[in-house]
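Reading through the structure tokens given below for one structure.
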Amino acid sequence: MSNILEVSNLTKTYSSGSKSLTVLSDISFTIQSGDKLSIVGSSGSGKTTLLGLCAGLDRATSGSVILNGISLDKLNEDERAYVRNQHVGFVFQNFQLLPTLTAVENIMVPMELRREKGIRKKALELLDRVGLAERHDHYPTQLSGGEQQRISIARAFSNNPQILFADEPTGNLDEETSEKIEHLLFELNRESGTTLVLVTHDLDLAKKTDRIIKLKGGMVLHPSDQLATENG
Amino acid sequence: MDKKISIPNQKVAWQWVFLMAWRDARKSRSRLFLFISSIVIGIAALVAINSFSDNLQSDINSQANELLGADLELASNDSSFRYPVIEEMSHEVSYENSFASMIFFPKNQESRLVDVRALEGAFPYYGKIETEPADAEATFRDGTRKALVDQSVLVQYNVGIGDSIRIGRVLFKIEGSLISSPSQSIGATLVTPAVYIPMAYLKETELIQKGSRVYYRRFYKFNDPPADFNIDDQIRTDSDSLRAARISSETIRERKEETGDTFEDLADFLNLVAFVALLLGCVGVASAVHIYIKEKIRLVAILRCLGASGRDAFYIYLSQIGAIGLIGSILGAIVGTFIQTVLPRVFADFLPVDVTFSLSCPSILGGVLTGLFVSILFALSPLIAVRRASPLITLRGIQESGKRKIDKAQWLIYGFIFLFIVGFAFIQIGSIRDSLIFTLFIGLAFGFLAGIAKIIMWLVKRFFPDSWSYVWRQSLANLHRPNNQTLVLISSIGLGTALITTLYFIQALLINEVEITTNNDRPNLMIFDIQSHQVDAINTKATERGLPILQSVPIVTMRLSSVNGITYKQVLEDTSINMRGGMFRREWRVTYRDSIIASEELTSGTLKMLESRSEELNEKYKDIVLVSLEEDYVERNNLKLMDTLVWDVQGVPITTQLGSTRKIDWQMVQTNFLALFPTEVLEQAPQFHVLITRVKSTEEGALFQRDIVKEFPNVSVIDVGLILNTIDDILDKIAFVIRFMALFSIITGLLVLISSVILSKFQRIKESVLLRTMGGSRKQILSINSLEYFFLGSLASLSGILLAMLGSWGLAYYSFNSTFVPNILPIITVYLIITCLTIIIGLFNSRGIISKPPLEVLRNEIQ
């Protein structure tokens, strides 16, 4: 299998005046197509920063990210947006649905951006797949947190992404809803054969992936294979 | 295995952009409309003024003949003037001899200075003299002693149709009240209202004597002029000879252009006032869009995450603003069309023709396009932030605050705004220099207000009163914390306040100026046209009544024949002579004395030839007559000391030398003269006298006038009190128009205030709800909000007042040559009204946050 994501010597430093803060230091790893990977660590360990860099939402200070063979650090923001639209799906901790769009319209947006045809039917099918067909014309404010996250998952899969980034997908949900969302996420992932990169501080959730990268102070704490074996 | 990618060069997916714009606007429609409402009034004002002036112009064109009442008007101070070319043509002619004189009302024994117009002929040939009753215009010409008297005089002296007036020695019956006439100009009739009498009785009045100042007008109507005859061409051909003969002329085309120009100037000025209202609205749009886009940044970040380009996101909001701007402009055009119907009543006192109502498509289209253009132009500055929204906001919640590059597009937009304001002003004013000055002042005003806002925020932050109670600290801190409204509200409300207050200050200043000239010990009654033999008798009458003789001066009328040997004819014929013709055309009214008076200051030379010890020199120069002229007049006409001036004193040439120059304070109520002769030169010339005195009351003045006019019907009396009343009336009428125009700014200011406050509600809502969640009482939140709006309202109104005071001071000092002393009462009134309005509107819009459960508010409003 080919590598879908290659991260090499990735460093991210924030500067403010004369001060600088390194939040990620010399991170390297690869993920093969179809793999499931967790990035775990405590608050401030750099998990979300790493996800942002891998998904092309931000630029690294040094090092490189190659996503599906495309070197992201050489692209400008609009080019990276294009790459995201073509190859990437997102699930966020706080759902990030467009508040002024209905459920079905939210799911349609990535497909609309790809200028696909017949997208409403596909969006309704996805909505049905996540169990919310009857709520298609509801706005996000009219939905519960769990429902919003299901819409968000449906949207993430709407453009058939090669890789899905999920940032604490159950972080804002209760235990019961979290389980349902986890189940849905893994099931859709399996069905579509998408690569999954999961950021979480929930070790139980992380254990459900193939590999775990543990971050502390911006550095990889344990070799991922070793941690997986330990958990194994 | 690094793959090269290239984004397909896709065109903007407009369909999707519009779809997203519409989807996004569904939940923001009321707010979008709210900020665009700021421009509705400005556009309405522009459309109303432009449509009205279009209507007026076309009415002036269609009623052009009636403006003059004849094909040609000729006028001169000489009764025997001739224009052979015209006289040889087949024509009808009417004569009008006009002069200032007192009329006497036997009914109530009062008298008044008027412009008597003795009319002979069928004038006007086009249009009519408007009278009440309407047929009085015809019946007063039936050969009996009848007069048409200006309607204002009838009202003022409580006399009516059928009553009598005495002019000189003749008693006339008032046949009708004069409403308007083609030959009377609007301004002149306010000071000396017109009274028409038949020419046949002019001689009987015995008012016309040698030296009387009479203006002779002739009105011509041509019967079947040759096809190739054009009166304007003819006048142009003969212009030099007409000027040499001191004949003035006016044709229909000239009257039409002159009237059109006057009202075009007025329309341009009103358009600028409307434009200021529009600019005020634009500030509202810019600030509202700024807040709106700030709230939408998270949404843009999500779209960016999902693959939308910065350009797509930008177009989504640009099309939203464009669409709502178009709707606002159309609404403005509709409102403006309705306002247009009111304008003929607003300008009723100044209109030369009957204005009809018709839709003006160019004005409406122009208004709509202007509205669309300004809403987009002023929204662009905050809108371009959308292009730079980082998708990282979806993860972090806030935009990374790294080093911000200066956005070139931002400067480009500022440049366009500058060009737009200069361009718009240029279209109205027609002078690039004045347009730049106008733009500079607008920029300075905004800069001043923005500067004050920044300073206040800095001061509050720097000297924050930590010891104050929580409610005070919280509300004060809201002035400088993120998402504050300080800059926006101080700029918009401040500018509105400044405009309104300046208008008030200037009106008060003008009225005050007039009052100063007439108060206390100043002269307030002028009697002129006194014959030499009447001087002593009138002076005695004044003394008997205990009235002071403040001035009693002789006046001699004359003309200038040559300057250093150069005559008017030579000036006209030889263009290389750098001399103004006006000096020769003017009928000079000159006095003689050997000293200067209080209103004068000798700036160069001497009034009288100095005595020399040499008898020989004294003898040599004893015949030299030294005259004195006003300093500015000497400069304007390139004269210099010892120039030789030859005067024609009613047929007798008198050679003089320019001996001195004087500075004259024309504002003082007394006789002032451009030219002053020494004594022992003009004593024997035909002359009349002016007596200036001061009466203590209107009644005393009326009694004295009655006494004088009865015995000496040829004299004229100017009651300064009466003039003051007239000026008051005129100022009131002008003030009404200005207030009407200021209304647009006031309403726009209020709309900007309302939209700013409502939008600021969304800024403060989250923390108000958090405060409530943490146990903050309704009273505490209400107090915090009230105090914040109190601070904002106070600071905005005070900044505006300060700006108005600076502006008024500048205008008073540079334009009116006067001292500006602000009146404290209107300042307090404006401050209280603006501050209270801000608090009331602010609290009215915050009531939802206070009365509803926190969660409901969060669910409904935060998204």
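Letters A, B, ... mirror the listed sequences (proteins, then strands); counts begin at 1.
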Look at atom CE of B:Met457 and say whether more than 12 heavy atoms of other residues, nucleotides or ligands are closer to it than 6.0 Å. yes

If I take atom CG from residue B:Leu392 and atom OG1 from residue A:Thr48, how far apart are they, to the nearest 0.5 angstrom? 9.5 Å

Check: B:Leu306 main-chain N/O paired with A:Arg84 side-chain donor or acceptor under 3.5 Å: no

Closest non-hydrogen contact found for B:Ala308 with A:Ala81 is O-CB, 3.7 Å

Out of curiosity, A:Leu101 CG to B:Leu299 CG, how far, rounded to the nearest 0.5 Å? 7.5 Å

In terms of side-chain heavy atoms, does B:Asp24 have a donor or acceptor partner in A:Thr100 at a distance below 3.5 Å? yes

Atom of B:Cys305, atom of A:Phe92 and distance for their closest heavy-atom approach: SG-CZ, 3.6 Å

Rounded to the nearest 0.5 Å, the CZ atom of A:Arg80 sits from the OG atom of B:Ser309 at a distance of 13.5 Å

Flag side-chain contact, heavy atom, 4.5 Å: A:Val109 against B:Trp16: yes

Report the distance from atom CD of A:Gln93 to atom OG1 of B:Thr394, rounding to the nearest 0.5 Å. 12.0 Å

With a 4.5 angstrom heavy-atom cut-off, could you sort out which part of A:Ser64 is near chain B: side chain, backbone, both or neither? neither

Kindly indicate whether the side chain of B:Arg23, heavy atoms from C-beta on, has any atom under 4.5 Å from the side chain of A:Leu98. no

For A:Asn159, is it the side chain, the backbone, both, or neither that has a heavy atom closer than 4.5 Å to a heavy atom of chain B? neither

In terms of heavy-atom contacts, does CZ of B:Phe416 have more than 12 from other residues, nucleotides or ligands at under 6.0 Å? no

Once rounded to the nearest 0.5 Å, what's the spacing between atom CD of A:Glu105 and atom CZ of B:Arg26? 4.0 Å

CD-CG distance between A:Gln96 and B:Leu303, expressed to the nearest 0.5 angstrom: 11.0 Å

Can you tell which part of A:Met111 gets under 4.5 Å to a heavy atom of chain B, answering side chain, backbone, both or neither? neither

Looking at side-chain heavy atoms only, is the closest gap between B:Pro391 and A:Glu77 below 4.5 Å? yes

In terms of side-chain geometry, is the basic nitrogen of B:Arg387 or A:Asp78 positioned less than 4.0 Å from the acidic oxygen of its partner? no

Is it the case that over 12 heavy atoms from other parts of the model lie below 6.0 angstrom from the NE2 atom of A:His201? no

